[in-house]
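Indexing begins at 1, ligand by ligand and atom by atom, following the structure's order. Keep in mind that this is a model prediction, so the values were computed, not measured. What you see below is based on every heavy atom in this structure, not just the backbone, and it leaves out hydrogens, waters and symmetry mates.
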Amino acid sequence: MTFSHPSFGALDPDRIIIFDTTLRDGEQSPGFSMNLAEKLRMAEALAELGVDVLEAGFPIASPGDFESVESIARTIKGPVICGLARTGGRDDIARAGEAIRPAERRRIHNFISTSPLHMKYKLRMEPETVLQAVIDGNTQARNYTDDVEWSAEDGSRTDPDFLCRCVEAAIKAGATTINIPDTVGYALPEDIARIFTMLRERVPGAEKVIFSAHNHNDLGLAVANTIAAIRAGVRQVECTINGIGERAGNAALEEIVMAIRTRHDALAWHSGIETPKILRTSKLLSTITGFDVQPNKAIVGRNAFAHESGIHQDGVLKNAATYEIMTPESVGWTKSSLVMGKHSGRAAFRDKLRALGYGEIGDNQLNDAFRRFKDLADRKKVVYDDDLIALVDDEVMRGNDRIRFVSLDVHTGSKAKPRAELELEIDGTAQAAVATGDGPVDATFNAIRDLFAHDAVLRLYSVGAVTEGTDAQARVTVRLEENGKMVDGQGADTDTIVASARAYVHALNKLLVKRTRAEPKALSA
Ligand code: KIV
Ligand code: ZN
């Protein structure tokens with residue numbers, strides 16, 4: 001690389017820039033929306049993980065999106081903070097520019113479709129008008145920052161000559177990163193390699209920019225396509241934690257990073273990701289969104305390092321390398337997950353949280369989490385790392401909630417009608433209610449409705465276990481819908497009904513945040 005990048009200066013040619021879009025492409029997929037506090041918590045974790053660019057959102061999409069990008073730009077140190085904008089809309093770029101302004105290093109990412117199909121049916125624009133928009137958009141974006149990325153949406157299905165003309169125009173207008181997305185996850189690795197090789201060979205000025213890949217996983221090829229792109233000269237990869245994103249998702253950050261690390265013999269590049277923080281970041285995302293990864297998910301799935309067959313177990317005991325191509329510790333799985341007991345003190349608790357990858361937690365949140373830990377340690381024989389993570393994430397995420405869970409007593413059995421005695425704190429005032437129902441969960445949810453009347457409809461109720469055994473904490477997800485808005489709430493506790501109450505209250509708090517925001521405009525990206 002022979003030039004100085006506006007955000008990264010003189011670039012190490014072997015360094016892969018990790019562009020994380022968990023909070024934009026990931027967050028905009030159904031069921032994965034997050035509130036401001038959750039986005040900030042996630043952004044903090046991504047910064048600690050070591051991502052180079054953090055795409056924080058799409059500021060024009062809604063006042064809420066603008067606010068979260070602006071808050072992340074103001075508070076998160078480390079990565080370049082990026083806001084998305086449509087190339088065609090002058091307001092988009094101005095809003096993105098305003099939202100990212102507080103960041104030390106900032107990027108505008110503007111995009112427009114370039115494939116015949118998208119230009120004709122989605123944009124209803126002629127190719128020459130799209131080309132002019134590319135020039136205008138990138139020129140405008142440079143008024144807000146020197147770090148400008150341009151994306152050719154549906155780039156992998158774009159006519160090669162037209163793609164070359166657009167990329168040349170974007171570079172001339174000031175773009176410093178050129179991203180070619182496989183928007184619909186259609187390409188094969190050889191298609192991706194051909195596109196980037198062609199652009200680097202044919203486009204004047206190609207040597208002055210970073211090329212970037214953004215692959216969707218509709219055919220399960222997103223990571224393979226990303227590796228093919230790196231081999232073809234791409235130095236930025238766009239990805240998400242757990243591979244979340246539109247439809248089948250984006251390329252998974254953890255899989256790309258561990259592929260280049262584990263197969264360094266064949267892939268001689270490196271990233272700045274602190275790989276032992278991968279698991280913790282993945283779990284935080286699952287806690288926030290309520291979606292666990294599948295057990296066999298590479299790197300972060302529960303079974304990723306589990307050996308069931310006797311032959312495999314025997315091999316691993318003799319030498320772990322027989323069946324493990326990377327160490328579990330290298331991605332954050334700890335050998336001994338047994339942690340602390342009821343005699344552990346606050347200092348040990350704080351140390352343990354640091355070791356689990358939590359930065360500084362405020363005193364109030366630490367006190368609340370510590371109280372819940374003591375309570376858990378009293379009830380549960382062994383407290384595992386996963387228990388602590390579930391508990392602390394639960395507590396940290398509830399900082400600004402209007403409704404807080406205080407206590408619950410449930411009387412149930414095969415004869416009597418289940419009855420729930422519930423206490424909540426609503427806007428700082430403790431309130432209690434007693435309700436019955438068709439089961440203990442129903443009685444509890446009725447008590448919540450008595451204390452805080454609302455019209456939201458329950459769309460999903462699911463229960464999973466944080467760890468193993470009958471004394472494991474239950475992790476409950478509750479999905480509520482109100483006026484077409486859907487939110488997911490999570491709660492964890494050794495008592496499934498208490499976890500259910502916490503999850504319901506969490507979902508209600510999220511709805512309250514949504515109510516105070518304006519309707520988002522329908523946009524696609
Ligand atoms: O998939 C896509 O094309 C995108 C662009 C906005 C980069 O997400
Ligand atoms: Zn995308």
### Query
What atoms of ligand 1 come closer than 4.0 angstrom to any heavy atom of H216?
1 (O)

### Query
What orientation do F211 and F196 show, parallel under 30°, tilted 30 to 60°, or perpendicular over 60°?
perpendicular

### Close approach, E246 and ligand 1, non-hydrogen under 4.0 angstrom
no

### Task
Flag the pair H118 / F111 as yes when their ring centroid distance falls below 6.0 Å, and as no otherwise.
no

### Task
Evaluate salt bridge (Lys or Arg N to Asp or Glu O under 4.0 Å) for R475 paired with D292, printing each intermediate quantity in order.
CA-CA 10 Å; R475 180 164 33 223; D292 275 335; 3.5 Å; yes

### Message
Just to confirm my numbers, could you give the angle made at the Zn ion (ligand 2) by NE2 of H216 and OD2 of D25, rounded to 10°?
### Response
100°

### Summary
Only residue of T22, L46, I17 satisfying side chain to side chain contact (heavy atoms under 4.5 Å, CB included) with V51 is L46

### Query
In ligand 1, which numbered atoms sit nearer than 4.0 Å to a non-hydrogen atom of H109?
7 (C)

### Query
Does R24 have a heavy atom less than 4.0 Å from any atom of ligand 1?
yes

### Heteroatom distance test (D25, ligand 1): nitrogen or oxygen, under 3.5 angstrom
yes

### Task
Salt-bridge test for E38 and K510: reply yes if a basic N is under 4.0 Å from a carboxylate O, no otherwise.
yes

### Message
Quick check on contacts: which atoms of ligand 1 are under 4.0 angstrom from a heavy atom of E153?
### Response
3 (O)

### Message
Of all the N, O or S atoms in H214, which has the shortest distance to the Zn ion (ligand 2)?
### Response
NE2

### Task
Return the set of residues passing side-chain contact (heavy atoms from CB on, under 4.5 Å) with P160 (not counting sequence neighbours), or none when no residue passes.
M198

### Query
Which pairs pass salt bridge (charged side-chain N to carboxylate O under 4.0 Å, His left out) with one or both residues in residues 99-117, sequence neighbours excluded?
R107-D147, R107-E149

### Summary
For P181, the ligand 1 atoms with a heavy-atom partner under 4.0 Å come out as 2 (C), 3 (O), 7 (C)

#### Entry: E238 near the Zn ion (ligand 2): N/O/S under 2.8 Å
no

#### Entry: ligand 1 N/O within reach of T183 N/O, cut-off under 3.5 Å
yes

### Nearest atoms (heavy-atom pairs only) where F305 meets V331
CE1-CG2, 3.8 Å

